[in-house]
Every structure is written in structure tokens, then in C-alpha cells.
Amino acid sequence: MNDDSRYHWPHKDLLDVTQLSAEDVSHLLDLAASFQEINQRPVKKVPTLKGKTVVLFFVENSTRTKTSFDVAGKRLSADTFSLGKSGSSLNKGESLKDTALTLQAMAPDVIVIRHYSSGAAAFLAELLPCGIVNGGDGWHAHPTQALLDSFSLRQAWGNNFSGKTLLILGDIAHSRVARSNVHLLRMLGVNVRLCAPRTLLPAGAEHWPVEIYGDLRQAVRDVDAVMCLRLQLERQQAGLLPDLAEYSRRFCLGASHLALAAPDAKVLHPGPMNRGLEIANDIADAPASLVLDQVASGVATRMAVLYLLAMRNEGGDF
Ligand code: CP
């Protein structure tokens, strides 16, 4: 853990990694490492957040983010409860504002929100006094995914990110994961490459601090890690991809591509994966794959996020 006792986490909310300083990130990842140790104990529970309440407000589907925030809260002894669109009064037409005010009236300490609209987390952060965590909003941002990805890479690479090269491959246009990761990885000193069909690159990507490739064999050469992205079929507009078989032939990461990367290169995927479309089945399960490490890192990283937001006015240590 960062032992600089003068450090104070300054943020009420976590809306995107763009709000974080290098010191914030270093402190958060060090704290996650401490929590990772708790996750390896036979009894994986500490009383740190006893009496705190965490709401998981997931208006869009999730497996990893929702369950790992739930596990993270419970391992710190917080009370967690969930609200989704299905089964809530959102389905009767209640507005996001009224739903949020209703949740606030129950005095939660932190609300984690996932929403299909970019800006939904920021809307709640302005409206409510409790801490808000963005669990993914539209195409905009997924800060805890980027933080957990860097936590996984830190375990693989040690603390030395400077001079490493990482390729982000696939549907970048629709990816909040890519947007948050480009910012955080560049902050940590990683060279970032993007590889995608032109129709799946975001407008303005040529102004991002990245190298852009259209050919996977060139893009993957000598990289230290490849982050495959899910082809977001539910967000595709007509005409972006004429043929999924052609996409897979040109952009699905396989063993022959990984052979061109640096020795011991790692493979990441935020999940859920379309096996055989953006990542070959054998690569998803290969020793180089960090996919399940990312899930484990998600619990530790989200424990750190919940701790920092829920305890921000209380000082102390865990
Ligand atoms: N990576 C990620 O956000 O996965 P879920 O959609 O399952 O939460």
C-alpha cells in the first residue's frame, strides 16, 4: 500500500479515469493489491465497511461488473443490494431522476450505476450526495474495467509499464473499455496501438495518442499484450460490417498472430467473449490469456474503489 500518509483520496465519485492523477491510480492499485491478499485467505471477509450500504443499480446487463462489485462489497462487510430495470418501477415509466432520488432516500454510501446512456453516472453524481461509481455508461467510459486491466498487467509485468506496447483490437468505435484504457495506459507510459476495420474506429481516433493499424499481422508485431474487444453486435448500425466471416478472418486473434508478438505476450479480453469471432477459442484458454485473472483483479480493484469512496470522509486505514 502507498505509505505516503499525506495522500488523501479527493474524489466523491469515480466517473472516468480521466479525473484521476497518477498518484490516485498508484494509490488505488496499491490498495487493490492489499485487498487481493484478503481474497486469497480461507476466510475472505474483513469488517472494513461494516455499516456501509452499496447499491448496484444496473439498468444494462452485466455479469462481471455487477457480481464483482457485489462480492467486493460483501468481502468488506458492506450491505449490498441490487436494482435493475427488469423488476423495478423504471419499467412502469419512472424517470432516472426519481429512481435515483428514491435510492438516495435510503441513505446509501455508494451507488454503482451501469446505464446504456453516456453521461448517466455523471447525472447521478450531480444529483446525489452519495458516492457514484460509473459501472459503464454507453460508449463513454468504464473506469473500473481500465483499472482492473492495469492491475492484471501490473501483476504480469511488475510495476514497470514504461516502454511496453499494448494493442487494442476490434470494435473500438463502440467500446467504453477502449476509451478508458487508452487514457489510463498512456498515463502509465504504455505505447498503445489500435487495430480495427475503418468502420469500427471512432471518429477522431487519428487525434488519439495511439498508432492505428488496419492489418492485424503488422499491428501485433512485437507487442507485449493484446486486448481483444467484443464485437458489440447489439450496437452495430447497418452497413458497418458487411460480413462476420470476413471480420473473423481479418481481425480474430489466433495463434499465428500471437507468434508475431513479443515472447511471453499477454492476451486480455474484458468479456463477454465471442469465441471464434474476435478471439480464437484456443487463445482464450491459452496460458498467455489473462481473461480470468482480469475477473479476479476486478474483485480486488472494486474493493479498493468502494473503500476509497465509502471512507473518503473518515480517514483511517483498513
Ligand atoms: N467487462 C464487463 O463489463 O463485463 P460485464 O458486461 O459482464 O459486466
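Values in this document were obtained by computation on a predicted structure and should not be read as measured data. Both counts, for ligands and for their atoms, begin at 1 and track the order of listing.
- Listed by number with element, the atoms of ligand 1 under 4.0 Å from a non-hydrogen atom of Gly271 are 1 (N), 2 (C), 4 (O).
- A donor and an acceptor atom, one from each side chain of Arg230 and His174, are nowhere located under 3.5 Å apart.
- Distances from ligand 1 to the non-hydrogen atoms of Gly136 include no value under 4.0 Å.
- The side-chain heavy atoms of Met227 and Gln294, taken from C-beta on, include no pair separated by under 4.5 Å.
- Within the 4.5 Å cutoff, side-chain heavy atoms of Leu124 are placed close to those of Phe57.
- The contact set between ligand 1 and Thr63, taken as ligand atoms under 4.0 Å from a residue heavy atom, comprises 5 (P), 7 (O), 8 (O).
- Taking every heavy atom of both residues into account, Asp264 and Lys266 meet most closely at OD1-NZ, 3.2 Å.
- From the protein, the heavy atom lying nearest to atom 4 (O) of ligand 1 is Arg64 NE, 3.1 Å.
- Among protein heavy atoms, the minimum distance from atom 2 (C) of ligand 1 is reached at Thr65 OG1, 3.6 Å.
- The shortest non-hydrogen separation linking Leu147 to Leu29 is O-CD2, 3.6 Å.
- Nearest residue to atom 5 (P) of ligand 1 from Arg114, Lys66, Glu60 is Arg114 (criterion: closest heavy atom).
- Ser152 and Asp149 form no side-chain donor-acceptor contact under 3.5 Å, judged by distance and modelled atom types alone.
- Where the criterion is an N or O separation shorter than 3.5 Å, residue side chain and backbone included, Pro270 meets it with respect to ligand 1.
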